[in-house]
**Student:** 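Pasting a structure below so you can have a look.
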Amino acid sequence: MNIDLYERIWMWAAVAIVAVFLTAIGVSTFAYAVRPPSHMETIDPATVMQDPRFATPGVTILPDGSVHVTMIAMTFAFLPNEVHVPVGHPVTFRITSMDVTHGFEIAGTNANTMVVPGYISQFTYTFREPGERLVVCNEYCGVGHHTMQGKVIVDPAGPAPAGTPAVTP
Ligand code: CUA
């Protein structure tokens, strides 16, 4: 079979490009451990409410002063729907879903994660300015998707809880 020289060059170029892409995926996965914004912690979506990690959703200040927000996403709400966090301190969000895949995006920030049933999504974010931030679900989850929202209220700096690590802006 006669294949034209230019055709042969393009065929090999296409193969080379695919090989480069596959190598890039392999390197980012295995060498750099690039993963979704989660630490692969699993949970049974059917028993989220009974799970000790989510039994009391809301804001917790741990003994070392770090601020944790646990939140449950469900059709079509976040539980709790409103949280108060301090300005200028790292806040760790831990979110899971009781039913379908939801999104958790704090509007106007780059705090944004998928909330997949069976997994706990976790990320840490430091709010630099006090004020009210809208939380929206940005994964289509059903007929009430557009009504699924919450609020993060960033409180102005007050007396910091004992031992809270301060963050210089
Ligand atoms: Cu939850 Cu869209």
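One-based numbering, in listed order, for ligands and for the atoms of each.
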**Student:** If you round to 10 degrees, what value do you get for the angle at atom 1 (Cu) of ligand 1 between M148 atom SD and C137 atom SG?
**Tutor:** 110°

**Student:** Are Y125 and V115 linked, directly or through other ILVMFWY residues, by side chains that come within less than 4.5 angstrom of each other?
**Tutor:** yes

**Student:** Provide the atom name of the closest N, O or S atom of H102 relative to atom 1 (Cu) of ligand 1.
**Tutor:** ND1

**Student:** For atom 2 (Cu) of ligand 1, give me the closest N/O/S atom belonging to E139, just the atom name.
**Tutor:** O

**Student:** List the atom of V87, the atom of F127, and the distance in Å for their closest heavy-atom pair.
**Tutor:** CG2-O, 3.4 Å

**Student:** Under 2.8 Å from atom 2 (Cu) of ligand 1, is there an N/O/S atom belonging to H145?
**Tutor:** yes

**Student:** Can you establish whether the number of heavy atoms outside E129 located under 6.0 Å from its atom CD is more than 12?
**Tutor:** no

**Student:** Taking the six-membered ring for Trp, are F104 and F78 parallel (under 30°), tilted (30 to 60°) or perpendicular (over 60°)?
**Tutor:** perpendicular

